[in-house]
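See structure below.
Reminder, nothing fancy here: chain letters follow the sequence lines and each chain counts from 1.
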Number of protein chains: 2
Amino acid sequence: MAQSDTVERILDAAASLFAERGFAETSLRMITSEANVNLAAVNYHFGSKKSLIQAVFSRFLSPLSAELNERLALLRQATSDITAQQLVGCLFESLMASTEKEGENPAQFMQLLALAYAQTQEHLRHYIMAEHGASYVEFTRLLREALPDIEPDVFYWRLCFMLGASMFTLSAFDSISGILKSDYGKETSVDDAVALLIPAVIGMLESSK
Amino acid sequence: MAQSDTVERILDAAASLFAERGFAETSLRMITSEANVNLAAVNYHFGSKKSLIQAVFSRFLSPLSAELNERLALLRQATSDITAQQLVGCLFESLMASTEKEGENPAQFMQLLALAYAQTQEHLRHYIMAEHGASYVEFTRLLREALPDIEPDVFYWRLCFMLGASMFTLSAFDSISGILKSDYGKETSVDDAVALLIPAVIGMLESSK
DNA sequence: TAGGAATTCAAACGCTCTTTTGGAACATAC
DNA sequence: GTATGTTCCAAAAGAGCGTTTGAATTCCTA
């Protein structure tokens, strides 16, 4: 069994358990037993539980940042009048493309983000901001430029509405789509949910009310 | 020092620390030392940490359910054509009224709810649904009736968008309003944020797109 | 195929946690 | 003023945690 195998199995198990239960609620013993590796493997390969948590986020965030940076750069050089619609489209395309490339689950990713948000994990906040904050700041800046007529504070609150709606919806995707399946026999993919989400958040952002 | 004093002080400290740090990240030692009571007081008055968590939620949810039930009943007997706008108004009024009555913090309440959602705390989910699920189900039923032309699955997703935007915004209220204050010198109250939030979520619910 | 580095493993260490315990302090009622 | 029930407290029990250790094993290269 090569090292990469152990490391990947730990990351898979950790991502799944963290997303479902939370960080402190998930012990290294749960993770290593789920991953079928020895307890000491986490500290051997990652150094500590904190570092493991950061590694789990890195696996999601690095490809997302890369995708988003690339798409934003393309958009900037294609036109100088970028619309909010294009930017929001970029964001969700990046999310879906980056998770698909890595064979990951966007719903699980959003569960982890929601968790990182809800629990004030200082070390994680700092780490995420230091490693991946630039893409987010750039996205916000461009969106602000695309919506110059909105008062700054209103813009900020609407950005918040957008993030909340997106994060909550995708993080709850599994349970919502399960309910829809059993109650209405309706099969829904993440792409279907995103297709509904995009016009909704754009409507909120651009609203004149 | 009467019992009620100790119990209240524990609940206050627990709500504040849970909201800020998470459930497992907050030890009974932190809570009892913050509350200036003996460590054993939690187990004496509440039985266990789990029960304390439930009690913290109960203190928020019971007044909210009561307020919401009352307002929904009034609305039902006032008119048979209830609008989505009226229902969303009811929900936020109930939230603000119930927290104000009890001298509580709506942002803290939403932080706790977001936490309960993010971490799959089975005992808590069951408890909340069993004790307070009825009001939520009734609200959803009335909202569904107010928006009969929307496909059932689209309705469900939009409900999700609404909950996400509301929960996230209010749970992040302290940090957002802090940023607005320091960046734009703009002072924002929770009511201001809710005043922006209501038209935004109603727009999402009623949209024809 | 021998040797050295990388990885895995069982066991234990030290720590913090929730919960329990039995008695002390207090209030209330007879 | 004593009896009774409630509340508080210091201490310890018992369980689980992250981490460390050193030996065993596997892997790779020379």
Check your understanding: Looking at B/Phe109, is B/Arg59 sitting on its ring face, NZ or CZ under 6.0 Å from the six-membered ring centre and within 45 degrees of the normal?
Key -> no

Review point. So, for A/Ile128 and A/Phe57, which heavy atoms are closest and what is the spacing to 0.1 Å?
Key: CD1-CD2, 3.7 Å

Check your understanding: Roughly, in whole Å, what's the span from CG in A/Asn38 to P in C/dA6?
Key -> 19 Å

Exercise for review: May I ask you to decide whether A/Arg29 forms a salt bridge with A/Glu34, counting only side-chain N to carboxylate O separations under 4.0 Å?
Suggested key: no

Practice item. Name the nucleic acid region contacted by A/Ala41, choosing base, sugar-phosphate or nothing; use a 4.0 angstrom heavy-atom cut-off, strictly under. Key: nothing

Exercise for review: Would you please confirm or rule out a distance under 4.0 Å between OP1 or OP2 of D/dC8 and any side-chain N or O of B/Thr6?
Suggested key: yes

Review point. Within 45° of the axis and under 6.0 Å from the centre of the six-membered ring of A/Tyr136, does NZ or CZ of A/Arg141 qualify?
Key: no

Check your understanding: In whole Å, what is the span from the CZ atom of B/Phe23 to the P atom of C/dC17?
Key -> 18 Å

Exercise for review: Decide yes or no for A/Leu115 and B/Leu115: does some side-chain heavy atom of the first lie under 4.5 Å from some side-chain heavy atom of the second?
Suggested key: no

Exercise for review: Take the protein atom CZ of A/Phe46 and the nucleotide atom C1' of D/dG18, then report the distance between them rounded to whole Å.
Suggested key: 15 Å

Under 3.5 Å, which protein N or O atoms sit close to an N or O of nucleotides 14-17 of chain D? Give each pair with its distance.
unit_1	atom_1	unit_2	atom_2	d
D/dC17	OP1	A/Ser27	OG	3.3

Point to revise | Separation of atom CD1 in A/Ile53 from atom C1' in D/dT19, rounded to whole Å | key: 15 Å

**Study point:** For the student: nearest non-hydrogen atoms of B/Ser58 and B/His132, plus distance
**Key:** OG-NE2, 4.1 Å

Check your understanding: Whole-Å distance between C/dC26 P and B/Tyr44 OH?
Key -> 16 Å

**Study point:** Closest to the B/Leu39 side chain, choosing from D/dT21, D/dA12, C/dA12
**Key:** D/dA12

**Study point:** Distance, rounded to the nearest Å, where B/Ile10 contributes CD1 and D/dC8 contributes C1'
**Key:** 11 Å

Practice item. Report yes if a side-chain nitrogen or oxygen of B/Asn43 is closer than 4.0 Å to either non-bridging phosphate oxygen (OP1 or OP2) of C/dT19; otherwise report no. Key: yes

Practice item. May I ask you to verify if any side-chain N or O of B/His45 is less than 4.0 angstrom from the OP1 or OP2 atom of D/dT6? Key: no

Practice item. Just say parallel, tilted or perpendicular for the rings of B/Trp157 and A/Phe173, cut-offs at 30° and 60°. Key: parallel

